[in-house]
Amino acid sequence: MQDFCYKPGMTSLEEAIAAMKLTIEHNQKPLSAQTIPLFDAVDRVLAEDITSLVDVPPCDNSAMDGYALRASDLLDNDSLTLQGTVLAGQVFGSLLQQKYCIRIMTGAPIPDGADTVVMQEQVSVSDEIVSFVSDPVTGANIRRKGESIAKGSTVLSAGIRLQASDIALLASIGIAEVSVFRKLKIGLMATGDELIEPGKSLQPGQIYESNRVMVNALLTQFGVDCIDFGIIVDDYETTKTAFEEANKTCDVIITSGGVSVGEADFVKSVIDELGELNLWKIAIKPGKPFAFGKLSNAWVFGLPGNPVSSYVTCQQIALPLLMHMQHEQGTEPLVISAVADADIRKRPGRKDFQRGRYRIAEDGRYFAVSNGPQGSGIMTSFQNANCYILLDAQQGKVCEGDAINILPFSQFASK
Ligand code: AMP
Ligand code: MG
């Protein structure tokens, strides 16, 4: 493996991710694409540029329920005779006659001869005579052919992760199937003799295993297939067999546990035998240890075992690497400037992802406080939190009123 990673001591998060991405780029087999129906395409990464073969809308049509007319016919009088009706889905077969108008529904093609639509609320109708309150502006209430999308224009570029709005856009230009990068197969395993599956009864010395379900849940919206390899007990042969098995089918193996100092040698020695593994000390809190390596087929990302560290490193390190492997382009987290509502404890050294709560003041400014104890085993630090408070590595204690950055968890503001 061509490796751009090795660096002694602690590495900044940004530097570590950049180096790991570079290693992936130089060693990844090309990811194939597959053509799938639009219905299944949400959250997948587009593998081709999409050019529209049609104009949207395909012809001039009415933006309103109303009356289609020739504006000049109302210059010297204020009423016109009704010539007929055109509904959406129909085409009015004949030319609009002088001093006539045509009842038209939203989306119906503008009849030949008409140049303007007046909305129905601005007319009065008696028998076949339609009277207009004021002179219309020529061209009003017409959606022009190609005004949304011009035939021949590129509407979506390869590398975007398809959102619901993209799916609608593709359908609107008549596309039923798209080419997307195939799903990455992710093998999940948790290492540790103390771990037991939820649902079973807890014996002395045991704790419930919570990292595999967490990683699976974090990745579901990212177009991958997770394959569960279960809990791996701290035994050389069992670990080796599990890695060999996962290596056959998976693109990436995500493990948790066994990468902190003291335990590292165990997982590491198995992977060293089967491939290569680097243990990174990344200047991130919670987190720090992160293992990155490659077997003959699969990449290995080793998360720390503590649940909060595991969550944050999966989200902040493993996920960007997976997105990179999927050839996703142009993704940056949405960081918002805020003000500390209270002092925040912090020691210089590592970039901190504190679980916090923000509120939006009446003047629109964001204020945030830390959400209680921040220990790397305290998963409840996410409860009632609505953002990370991002504190730079070199930052020390934060005082009330200081400028900080936050990373909201959701697009919805919580109450
Ligand atoms: P390790 O990274 O293996 O040294 O584990 C650090 C701490 O996290 C220990 O207290 C472990 O018991 C705990 N831990 C490790 N793996 C898991 C897991 N999958 N689920 C819950 N806790 C874990
Ligand atoms: Mg362990």
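Every number for a ligand or one of its atoms is a count from 1 in the order of the listing.
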Open item on the list: Are any of the N/O atoms on I207, whether in the backbone or the side chain, positioned under 3.5 angstrom from an N/O atom of ligand 1?
Closed with: no
Open item on the list: Can you confirm whether more than 12 heavy atoms, excluding those of E121, are under 6.0 Å from its CD atom?
Closed with: yes
Task: Proximity to ligand 1 by part of R212, non-hydrogen separation under 4.0 Å - done: neither
Open item on the list: Within the 4.5 Å heavy-atom criterion, are L31 and R182 side-chain neighbours or not?
Closed with: yes
Open item on the list: Please state which option from S256, S310, G305 has its nearest heavy atom closest to atom 23 (C) of ligand 1.
Closed with: G305
Task: Enumerated ligand 1 atoms positioned under 4.0 Å from heavy atoms of N211 - done: 16 (N), 17 (C), 18 (C), 19 (N), 20 (N)
TODO: Compare M379, E194, E209, M214 and give the one whose heavy atom is closest to atom 19 (N) of ligand 1.
DONE: E209
- [ ] Please work out which of the three classes, parallel, tilted or perpendicular, describes the rings of W299 and F292, given edges at 30° and 60°.
- [x] parallel
Open item on the list: As an exercise, identify every atom of ligand 1 less than 4.0 angstrom from a heavy atom of A190.
Closed with: 19 (N)
Task: NZ/NE/NH1/NH2 to OD/OE distance under 4.0 Å, R212 and E197 - done: yes
- [ ] Let me see the working for Y67 and L80 under side-chain contact (heavy atoms from CB on, under 4.5 Å), right down to the final yes or no.
- [x] CA-CA 10 Å; Y67 293 84; L80 301 170; over 6 Å; no
Open item on the list: Could you tell me, atom by atom, which parts of ligand 1 come under 4.0 Å of a heavy atom of Y208?
Closed with: 20 (N), 21 (C)
Open item on the list: Yes or no: does S210 have any heavy atom under 4.0 Å from an atom of ligand 1?
Closed with: yes
Open item on the list: Is the ring pair Y358/Y366 parallel, tilted or perpendicular, if the boundaries are 30 and 60 degrees?
Closed with: tilted
Task: Per-atom contacts, ligand 1 versus G258 - under 4.0 Å to a heavy atom - done: 1 (P), 2 (O), 3 (O)
Task: Distance-minimising heavy-atom pair for I17 and P320 - done: CD1-CG, 4.3 Å
